[in-house]
Student: 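The following block contains the structure, expressed as structure tokens.
By convention here, the first residue in the shown sequence is residue 1.
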Amino acid sequence: MKPAVPEPSPPPEGPAAGNGAVKLPPARSDAPVSPVARKNGFMSQSDTQAEVQHPQPPVGSIAAHRQHAVSAAAVSDLEPDIDADLDAYEESQAGGGPLPQGRFLDRERSWLAFNERVLELAEDPNTPLLERANFLAIFASNLDEFFMVRVAGLKRRIATGVATRSASGLQPREVLEMIWARSRELMARHAACYHEDVAPALAEEGIHLVRWTELTEKEQARLFTLFRHQIFPVLTPLAVDPAHPFPYISGLSLNLAVVVRNPVSGHRHFARVKVPPLLSRFLEASPGRYVPIEDVIAAPNHLEELFPGMEILEHHAFRITRNEDLEVEEDDAENLLQALEKELMRRRFGPPVRLEVEESIDREVLDLLVRELKISEAEVYPLPGPLDLTGLFRIHSLDRPELKYPKFVAGTHRDLAEVESASAPDIFAALRARDVLLHHPYDSFSTSVQAFLEQAAADPDVLAIKQTLYRTSGDSPIVDALIDAAESGKQVLVLVEIKARFDEHANIKWARKLEEAGCHVVYGLVGLKTHCKLSLVVRQEGETLRRYSHVGTGNYHPKTARLYEDLGLLTADPQVGADLSDLFNRLSGYSRRETYRRLLVAPKSLRDGLVARIDKEVQHHRAGRPAFVRIKVNSMVDEAVIDALYRASQAGVPVDIWVRGICAVRPGVTGLSENIRVRSILGRFLEHSRVFAFGNGGEPEVWIGSADMMHRNLDRRIEALVRVVDPGHRAALNRLLDTGMSDGTASWHLGPDGEWTRHATDADGQPLRNVQEMLIDARRRRRGTATP
């Protein structure tokens, strides 16, 4: 049965421009900030009146990818595209009719819009209360990473004179000013959500987030004891005077600016006190009552302990964000590990890109910080305290299940389950019978992919294991299985991507541990990150060797596999096994292979392969055969792919795009994209899988893999997509795409002006179906535990 092709969304009103030109709607997301909208360096909110506000982290690197930001955005979504020059792209295009200028939405504005969707989940009273606090923390973490990577990269390119206009047509300075204005609105809205909505609601549930002055004398006395014994010994006040230069302040650290007076001389002095990052962000004053740690440090009698004999005049919390992007010249590095370790040390001293201060800060103190940090007024963000609401991750971890999403424990995939025996299933036998399409976290990672590698490590007939690792956990059973395999004499090749942003330290550690165990560890190809998710097991079976493979969309990370939505294919198909052998040989040795049997591999064949298939849908449509394009990705930015989708839309091919984060496509523009629909779904799990489906004249073709539609994925990474051949699997993936794009599913819809509109209820005000809850309930139903 052929999957239904959804009807295209109706085009916007208004005819196309004359002479065949396409009339593009104005996009708020593309509008530069007018000079008159600035006053004293602070950006006016007059150009965007709709909102006021302040991400892994994907729900969404996110994902992301500092480990706590798993539900929203992956930080890899933020990696700068150094070749995002529209002129260079346009000059490279050949063939096809001209497409209108201004057809791409701005990617930075689109990312901020993604984080706004995360914020909307925090603002939604239908979201469980502690999950709302969690989304506030995710939003804050996402924005930290956005400034550390995207804003820092943009500033660096402006300073070095290499920045060019963006694909949306904005000049670099216009983009930067838009970011300052938009992020200021979002941060204000974020703070308002916390103070006016979430914190009061938590208090009603017995979780009180209070300030020092709200504590009882008994609570203050208890915290004074805690301060004296556990906090005071690790504090280091740093004075600023002619004998003490302004101290270095590390990125994302929370600090107190303290002004004291010498009672003898009458002189005022400035000092900085760093809040210890390893202590809990919120301290429990009494059961159910929590106070920010900086309030405990800044209590009057506590500061007197730090500055004995001095008068404490005032104190203010502040926090800076620094450029924490890495720049490693691999061509010049004799030892990549050593070069990266050196660069990691340098990253701690990157230039500041944002200063957050409490809005009550004294102007003289603020002027001192701005001057000493060499930061512009436009990069100062006054906010109501407490600063750094990533600390709400600690509050979300409280044991209050009634205030969270209902607990869900994934079960073993039915094709891998051992029904008649309590012993572990023989995964190799299962794969000889059929391919297994996994959908995490609904299907257990530990009883599928992890069990696959653990069984391979323990099986005496397994001769070799080859594995890519991009991100994994600190106590990874995947790493343990590979070490066990090597120590038992198997040949183990592990490709560790030590340049995975913010996981560099961990990956260096595990690379060395693997080497010490006898694994062959390689670090990929110079100039390319290895982002593909591949595992290959070679097993002796009688007189022949059989290859078993796993190709996935997500990292081999057992912890995030419970929070990230991903797909994976386990197969014993000889063609996939041969493809992975060829690809691993390319990664570990010298090979120029560029074509594969069931894989599309970046940087050589993936973009061209997808564009060719999109163009082929145009041919099918013109011939009257079934044609459609459906894509599910984290980010859709690549101009060549987007232009192919525009051409398909102009020819009448329905195009559906399900994107978690950034999207530069303008859907619904008459004469250009009236056949394109764009949806976004965020929720308890981070939508992270990548799926590419084509009508193919009635023989649907479906691919899954690791690649997003971004320059860095298609040009500067090793990425892999695998073609799904099982008809049942193809149908299941098309049903998933149908559900995600359905008007009956809760989602955000992207308009031609770049604005996202949330659709959570129907015309009668009833909640639309939640695709993630539907999938959870389907798995429970199989086990007889579905909700009524």
Side-chain angles (χ1 to χ4, degrees), residues 27-29 48 50-64 69-75 77-78 105-128 131-146 150 179 182-183 185-190 192-194 197-198 389 405 563-565 632-637 657-665 667 677-688 708 740-741 745-751 753-761 767-768 770-772:
R28 275 179 38 193
S29 60
T48 48
E51 304 89 5
V52 198
Q53 14 181 312
H54 172 321
Q56 226 163 226
V59 298
S61 98
I62 194 275
V70 292
S71 299
V75 72
D77 289 343
L78 304 175
L105 296 173
D106 184 77
R107 64 165 289 165
E108 314 303 350
R109 182 71 182 239
S110 183
W111 187 94
L112 290 168
F114 152 68
N115 214 29
E116 181 182 13
R117 299 197 293 279
V118 176
L119 182 57
E120 288 181 11
L121 291 174
E123 294 170 329
D124 186 350
N126 294 315
T127 302
E131 305 297 348
R132 296 178 68 186
N134 196 47
F135 284 122
L136 285 175
I138 290 168
F139 173 94
S141 177
N142 285 349
L143 202 60
D144 286 347
E145 293 167 350
F146 179 73
R150 293 301 306 177
I179 290 172
R182 188 75 175 113
S183 61
E185 296 172 3
L186 290 170
M187 291 170 71
R189 185 166 141 196
H190 176 255
C193 179
Y194 169 77
D197 198 353
V198 173
L389 290 182
Y405 289 122
L563 297 167
Y564 283 31
E565 179 271 344
K632 179 180 186 294
V633 287
N634 298 316
S635 302
M636 173 65 73
V637 175
I657 303 171
W658 176 352
V659 62
R660 184 188 82 228
I662 310 168
C663 185
V665 176
R677 300 187 306 168
V678 180
R679 303 286 187 265
S680 181
I681 292 175
L682 308 181
R684 67 184 293 179
F685 303 133
L686 184 145
E687 292 289 332
H688 193 248
D708 284 312
M741 296 300 300
T745 296
S747 63
W748 282 263
H749 298 189
L750 179 61
D753 59 354
E755 294 301 305
W756 291 88
T757 304
R758 190 177 186 190
H759 292 254
T761 58
L768 297 175
N770 181 305
V771 65
Q772 295 184 351

Student: Of all the heavy-atom pairs spanning Met636 and Val659, show the shortest one and how long it is.
Tutor: N-CG2, 4.1 Å
Student: Report the relative orientation of the aromatic rings in Phe146 and Trp111; use parallel for angles under 30°, tilted for 30 to 60°, perpendicular for over 60°.
Tutor: parallel
Student: What's the spacing between Glu687 CD and Ser747 OG if we round to 0.5 Å?
Tutor: 11.0 Å
Student: Would you name the heavy atoms of Asp753 and Glu755 that are closest together and state the gap between them?
Tutor: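 Closest heavy-atom pair between Asp753 and Glu755: OD1-N, 3.0 Å.
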Student: Distance-only, no hydrogens or angles: does the Arg117 side chain make a donor-acceptor pair with backbone N or O of Gly661 under 3.5 Å?
Tutor: yes
Student: Do side-chain atoms of Ser183 reach the backbone of Ile179 as a donor and acceptor pair under 3.5 angstrom?
Tutor: yes
Student: Looking at Thr745 and Val771, would you say the former's side chain and the latter's main chain have a donor-acceptor pair under 3.5 Å?
Tutor: no
Student: Could you walk me through whether His759 and Arg679 pass side-chain contact (heavy atoms from CB on, under 4.5 Å), step by step?
Tutor: CA-CA 10 Å; His759 292 254; Arg679 303 286 187 265; over 6 Å; no
Student: Would a 4.5 Å heavy-atom cut-off, applied to side chains only, mark Asn115 and Ile138 as touching?
Tutor: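 No, every pair of side-chain atoms sits at 4.5 Å or beyond.
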Student: Looking at side-chain heavy atoms only, is the closest gap between Leu750 and Cys663 below 4.5 Å?
Tutor: yes
Student: Determine, stepwise, if the pair Cys193 / Leu136 fulfils side-chain contact (heavy atoms from CB on, under 4.5 Å).
Tutor: CA-CA 8 Å; Cys193 179; Leu136 285 175; 3.9 Å; yes
Student: When you look at Ile662 and Asn634, which way does the side-chain contact (heavy atoms from CB on, under 4.5 Å) test go after all the steps?
Tutor: CA-CA 7 Å; Ile662 310 168; Asn634 298 316; over 6 Å; no
Student: Would you call Glu123-Arg758 a salt bridge at under 4.0 Å N-O?
Tutor: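 Looking at Glu123 and Arg758, the cut-off is not met.
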Student: Grab the two heavy atoms, one from Ser680 and one from Trp756, that are nearest each other, plus how far apart they are.
Tutor: CB-CZ3, 3.4 Å
Student: Give the minimum heavy-atom separation between Gly740 and Trp658, together with the two atoms involved.
Tutor: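 The pair with the smallest heavy-atom distance is CA-CZ3, 3.5 Å.
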Student: Distance from Glu131 atom CD to Leu121 atom CG, nearest 0.5 Å?
Tutor: 10.5 Å
Student: Check Phe135 against Val118 and note the closest heavy-atom contact, atom names and distance.
Tutor: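 Between these two residues, the closest heavy atoms are O-CG1, 3.8 Å.
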Student: Does Glu108 pair with Arg182 as a salt bridge, N-O distance under 4.0 Å?
Tutor: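 Salt bridge: no.
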Student: Going from CG on Leu143 to CZ on Arg150, what distance comes out if it is rounded to the nearest 0.5 angstrom?
Tutor: 13.5 Å
Student: Using a 3.5 Å distance criterion without hydrogens, assess whether the side chain of Ser110 forms a donor-acceptor pair with backbone atoms of Ala664.
Tutor: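 No, Ser110 side chain to Ala664 backbone: no donor-acceptor pair under 3.5 Å.
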Student: Working note: Arg132 + Asp124, criterion side-chain contact (heavy atoms from CB on, under 4.5 Å); need CA distance, chi angles, decisive distance, verdict.
Tutor: CA-CA 8 Å; Arg132 296 178 68 186; Asp124 186 350; 5.8 Å; no
Student: Taking atom types as modelled and ignoring hydrogens, do the side chains of Glu120 and Trp748 form a donor-acceptor contact shorter than 3.5 angstrom?
Tutor: yes
Student: CG/Leu112 to CG/Leu119 distance, rounded to the nearest 0.5 angstrom?
Tutor: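 So the CG of Leu112 and the CG of Leu119 are separated by 12.0 Å.
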